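Keep in mind that this is a model prediction, so the values were computed, not measured. Letters go in sequence order (proteins before strands), and every chain restarts at 1.
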Protein chains: 2
Amino acid sequence: MAVKYREIAEFLEKEITEGKFDETNKLPTEEELAKQFEVSRSTVRKAVTQLVNRGYIYQVQGSGMFLRKKSETDYINLGSLRGLTKDLPAKIIETKVLELHVMEADDELASRLQCETGAKLYYTKRLRIVNEEPFSIEISYFKKDIVPYLNEEIAVQSIYTYLIEDLKLSIGFADKVINCALMEEDTANLLQLKSGDPGLIIENTVSLTNGIIFELSKSIFHFQKAKILNRVSFK
Amino acid sequence: MAVKYREIAEFLEKEITEGKFDETNKLPTEEELAKQFEVSRSTVRKAVTQLVNRGYIYQVQGSGMFLRKKSETDYINLGSLRGLTKDLPAKIIETKVLELHVMEADDELASRLQCETGAKLYYTKRLRIVNEEPFSIEISYFKKDIVPYLNEEIAVQSIYTYLIEDLKLSIGFADKVINCALMEEDTANLLQLKSGDPGLIIENTVSLTNGIIFELSKSIFHFQKAKILNRVSFK
DNA sequence: AAGTGGTCTAGACCACCGT
DNA sequence: CGGTGGTCTAGACCACTTC
């Protein structure tokens, strides 16, 4: 942190989620915020833009900044990289690590991860349990030269928290592909569904700020329990 | 248009898609672009930010601006409001208008559209055909006070083009909820699937720039043919 | 050390909303 | 018309990458 506009965005985000502006449904003007935080109006605008992009507010020229309707709480948020734990704060989330070991990239993985065939990868398969019911299966591959160490203790918690806070990785961008497919029997069993039932699938290719891909993942969600939310702003 | 940063973004977007920077995989520096377009560096940065948000490029501090790997062409783009026609430019897209008439909002529609029960709405149900195969079913409700007129000729083409270019509506933001559900028989039939097969569903709540909701839609995609792409940047 | 993007400022002027 | 967001500028200084 230590960057003003991020701090302001974070501060306002917290105020918004705590309901501080719910009565008026409106934020103070940019001018007022600039005065309050003792920064220039440009800096306020940069902070505010983040809130707009995250779907908290919208701006109307000549009129002001307004709260967007709060979204329901039990959606998976496509725009965040925070993971289930942060997306579903109201729920009890458990994780069962089904597999975790180092392996070598085959041709297909190498191509998708843009690395050499045979490069070392961490492979992990996890079952996510929400409110004591199976919710999703997550299969991930991490490049070992970027994520040199991973163990079950970490994988049971949020891997992303570990990557960001401990390994100090800075995540840059991701491609997410969503589709729907019929499940194999073993996958279905893990989710307590029948073979042939569909799964909602998100495939994720994640890069660091410098553009290097470091993770590939595939999450298969219980089709009756998972909903994905994406808030879009045009501008 | 007439806004510099948008024009620059559009210009660069075109150059990128035409492959102008493919050799180096890199864009000119911000300074150079500022000189080229005769604007300040801030204006260049604003244009560039749009390209970043749209998933075309990424920036690396101290190093430069680089192209992101081109995405495959046959994805539905979640971040755009352009509609299928623009998302799948390589495909032949036909639209069959199954229903189109004015109706009154019931309690549920009124609540979701934030209008009065009984308010007039345009209802339309369309079948989208891609490369001569059924691809999706789209059910939409438009507030009639905002979209006063709609006919089959418009509904066969892109409704959004009509809303933006003819009605001069300015779209502000949208909530998109994605999930997966088993289809009813008549829906399945339209997509040439079996009753009980799954559908990939996007429910869309769209607001104007001033925050007023004007459209609700539900698109049910053929689960074997549709893939949704979302490119995310963190910053 | 040079090159390049990231943050921040102060201020001007425009465009739109609501009274 | 006053209030408020939108665009744009010119310039300073910082942080990171690359050599």
Who passes side chain to side chain contact (heavy atoms under 4.5 Å, CB included) against A:N204, sequence neighbours left out?
->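 A:A174, A:K176, A:V206, A:S217.
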
Worksheet item: For B:N25, which residues count as a side chain to side chain contact (heavy atoms under 4.5 Å, CB included) partner, sequence neighbours excluded?
Response: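 Partners of B:N25 by the side chain to side chain contact (heavy atoms under 4.5 Å, CB included) criterion, ordered by chain and then number, come out as B:L67.
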
Test side chain to side chain contact (heavy atoms under 4.5 Å, CB included) applied to A:N230 and B:I202, B:D175, B:N230, the passing residue: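 The single option meeting the side chain to side chain contact (heavy atoms under 4.5 Å, CB included) with A:N230 is B:N230.
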
Partner of B:L100 under side chain to side chain contact (heavy atoms under 4.5 Å, CB included), picked from B:I154, B:T124, B:V156, is B:T124

task = For A:E10 and A:K14, run salt bridge (Lys or Arg N to Asp or Glu O under 4.0 Å): C-alpha distance rounded to whole Å, both residues' side-chain angles, the deciding distance at 0.1 Å, then the answer.
result = CA-CA 6 Å; A:E10 214 166 88; A:K14 207 170 166 211; over 6 Å; no

Report yes or no: is the cationic atom of B:K227 (NZ for Lys, CZ for Arg) closer than 6.0 Å to the six-membered ring centre of B:Y75, at no more than 45° off its axis?
->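 Not flagged: B:K227 not positioned over aromatic ring of B:Y75.
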
Practice task
In sequence, state the C-alpha distance, the side-chain angles, and the governing distance for B:I146 and B:L169, and then conclude on side chain to side chain contact (heavy atoms under 4.5 Å, CB included).
Solution key: CA-CA 9 Å; B:I146 296 175; B:L169 296 184; 3.9 Å; yes

Taking for A:S42 and for A:M65 the nucleotide of DNA chain D with the nearest heavy atom, the one nearer the 5' end belongs to A:M65

What residues in residues 55-64 of chain B put a non-hydrogen atom under 4.0 Å from any atom of DNA chain D?
->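 Contacting residues: B:Q61, B:G62, B:S63.
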
- Between A:R41 and A:Y5, who's closer to the 5' end of DNA chain C by nearest nucleotide?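 Its nucleotide being nearer the 5' end, the pick is A:Y5.
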
If you take any heavy atom closer than 4.0 Å to DNA chain C, which residues from residues 206-215 of chain A end up in contact?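 Listed by number, there are none.
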
DNA chain D: first to last nucleotide in contact with chain B (atom under 4.0 angstrom from a heavy atom), 5' to 3', is D:dT7 to D:dT18

Show me the donor-acceptor pairs, under 3.5 Å and distance only, between side chains in residues 115-123 of chain B and residues at least two apart or in other chains.
{"residue": "B:T117", "atom": "OG1", "partner": "B:D107", "partner atom": "OD1", "Å": "3.0"}
{"residue": "B:K120", "atom": "NZ", "partner": "B:E104", "partner atom": "OE2", "Å": "3.1"}
{"residue": "B:Y122", "atom": "OH", "partner": "B:L150", "partner atom": "N", "Å": "3.4"}

> Taking the six-membered ring for Trp, is the centroid-to-centroid distance between A:F37 and A:F11 below 6.0 Å?
Replying inline: yes

Could you tell me whether the side chains of B:E13 and B:Y56 share a donor-acceptor contact shorter than 3.5 Å?
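A pair is found: one side chain offers a donor N or O, the other an acceptor, under 3.5 Å apart.
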
Between A:S170 and A:T209, a side-chain donor and acceptor under 3.5 Å
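Judged by distance alone, the side chains do pair up.
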
[X] [atom1] - [N] [atom2] separation (whole Å):
X	N	atom1	atom2	answer
B:K26	C:dT4	NZ	C1'	8 Å
A:K235	C:dA15	NZ	P	17 Å
B:E31	C:dT4	CD	P	9 Å

